[in-house]
Amino acid sequence: MTKSLRNMILPIAASAITIASVPALADQVVLTSVADNTLIEDPTGAYSCGAAQYFFAGRVGVNGGSTLRRGALRFNLTSIPAGSTITSVSLKLYCSAAGANTAQTISIKKMNASWGEGTSVAFGGGGAPRAANAVTWVHRFYPSTPWSAVGGQFSSTVSASRSVGGQGSYTWNSTAQLVADVQGWVNQPTTNFGWLVQGNEVTLQSVKRFDSREAGAATRPQLTVVYTPPVSNPADLNNDTVVNAADLAILLSAWGTTGPGDINGSGTVDGADLAALLSAWTSV
């Protein structure tokens with residue numbers, strides 16, 4: 001687009017309807033976990049329960065060896081449009097059993113490395129023999145990829161925490177850190193390694209059992225994300241985030257028709273649409 005041509009057409013904008021960027025309204029998505037498992041404390045990483053109906057967080061009693069359990073939980077966020085702004089994040093888990101009904105603090109922390117779910121089926125917190133690509137106390141992916149430190153790689157920062165007592169549903173309400181975690185994963189999807197679910201790791205029988213994605217639909221882990229989609233620009237006809245010659249070509253090829261290129265919604269692609277496109281021009 002030459003400067004002289006632009007100078008000839010731009011005055012049309014003074015009498016045309018100005019098409020500004022349209023602010024998007026907030027949207028919401030409710031997601032079920034796509035992977036969950038338990039890191040079961042064991043010096044050789046012998047156990048896992050990726051295909052179980054439960055995962056665990058806390059310390060078990062003497063009969064279980066007084067060892068630790070840490071939950072691992074991940075959600076697929078690809079349904080949230082790239083460029084969105086995350087405004088609220090809440091996590092809902094169902095505690096289906098507890099070592100004791102005494103309330104314990106359960107913390108959510110961001111995982112710093114990828115991990116595998118695997119296919120081990122266990123019916124209790126002791127786990128089952130580890131399967132290929134399962135996460136264990138020692139491995140991110142059994143048998144070939146260990147954690148850099150046993151027990152998992154995760155942030156020391158608590159993203160959210162709440163008290164969990166006996167059986168029932170519990171919600172970790174939105175915090176600035178939960179929002180920051182999800183915003184970072186939406187911005188860079190390859191860093192989405194999910195969260196660690198960590199309980200009281202001092203007191204015997206503090207362990208809590210939570211339903212996993214393999215449980216009934218009503219009690220599976222649920223993440224609710226409220227977000228504002230990226231601002232849309234009606235003049236960006238090919239949705240490549242810039243308004244340039246490619247968009248101009250689309251508009252001109254549809255001249256005199258109903259579109260594409262009917263930016264102002266008048267029913268015909270005409271000079272007013274051309275003026276709106278030129279006023280939104282972002283590259284030459």
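FYI, side chains are in, hydrogens and waters are out, and symmetry mates aren't considered; it's all heavy atoms of this structure.
Around the CD atom of Gln188, the shell of radius 6.0 Å holds no more than 12 heavy atoms that belong to other residues, nucleotides or ligands.
Checking side-chain atoms of Asp236 against main-chain N and O of Asp240 turns up a donor-acceptor pair under 3.5 Å. Side-chain atoms of Asp262 never come within 3.5 Å of backbone atoms of Val269 as a donor-acceptor pair (strictly under, hydrogens ignored). Counting only distance, with no hydrogens or angles, the side chain of Thr175 and the backbone of Ser159 share a donor-acceptor pair below 3.5 Å. The closest donor-acceptor contact from the side chain of Arg59 to the backbone of Leu204 lies at 3.5 Å or more, if one exists at all. Counting only distance, with no hydrogens or angles, the side chain of Gln205 and the backbone of Gly61 share no donor-acceptor pair below 3.5 Å. Judged by distance alone, with hydrogens and angles left aside, the side-chain atoms of Arg70 form no donor-acceptor pair with the main-chain N or O of Thr38 at under 3.5 Å. Remark: side-chain polar atoms of Asn192 are paired, donor with acceptor, to backbone N or O of Gly194 under 3.5 angstrom. Between the side chain of Trp281 and the backbone N or O of Asn244 there is no donor-acceptor pair closer than 3.5 Å. Checking side-chain atoms of Ser253 against main-chain N and O of Ala249 turns up a donor-acceptor pair under 3.5 Å. Side-chain atoms of Arg69 never come within 3.5 Å of backbone atoms of Val207 as a donor-acceptor pair (strictly under, hydrogens ignored).
Remark: the Asn112 side chain and the Gln153 side chain contain no N/O donor-acceptor pair separated by less than 3.5 Å. Thr32 and Arg213 form no side-chain donor-acceptor contact under 3.5 Å, judged by distance and modelled atom types alone. In summary, the side chains of Ser114 and Arg140 do present a donor paired with an acceptor at a separation below 3.5 Å, with no hydrogens or angles considered.
Trp195 has its ring centre no less than 6.0 Å from the ring centre of Trp172.
Tested against Phe210, the residues Phe56, Tyr54, Tyr94, Phe55 include a single ring-ring contact (aromatic ring centres under 6.0 Å, His included) partner, Phe55. Considering Trp115, Trp185, Phe193 as possible partners of Arg74, the one that fulfils the side chain to side chain contact (heavy atoms under 4.5 Å, CB included) test is Trp115.
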Apply the test side-chain hydrogen bond (donor to acceptor under 3.5 Å, both in side chains) to residues Ser90 and Asn173: give CA-CA distance (whole Å), side-chain angles for both, the deciding distance (0.1 Å), then the verdict. CA-CA 5 Å; Ser90 62; Asn173 291 323; 5.8 Å; no
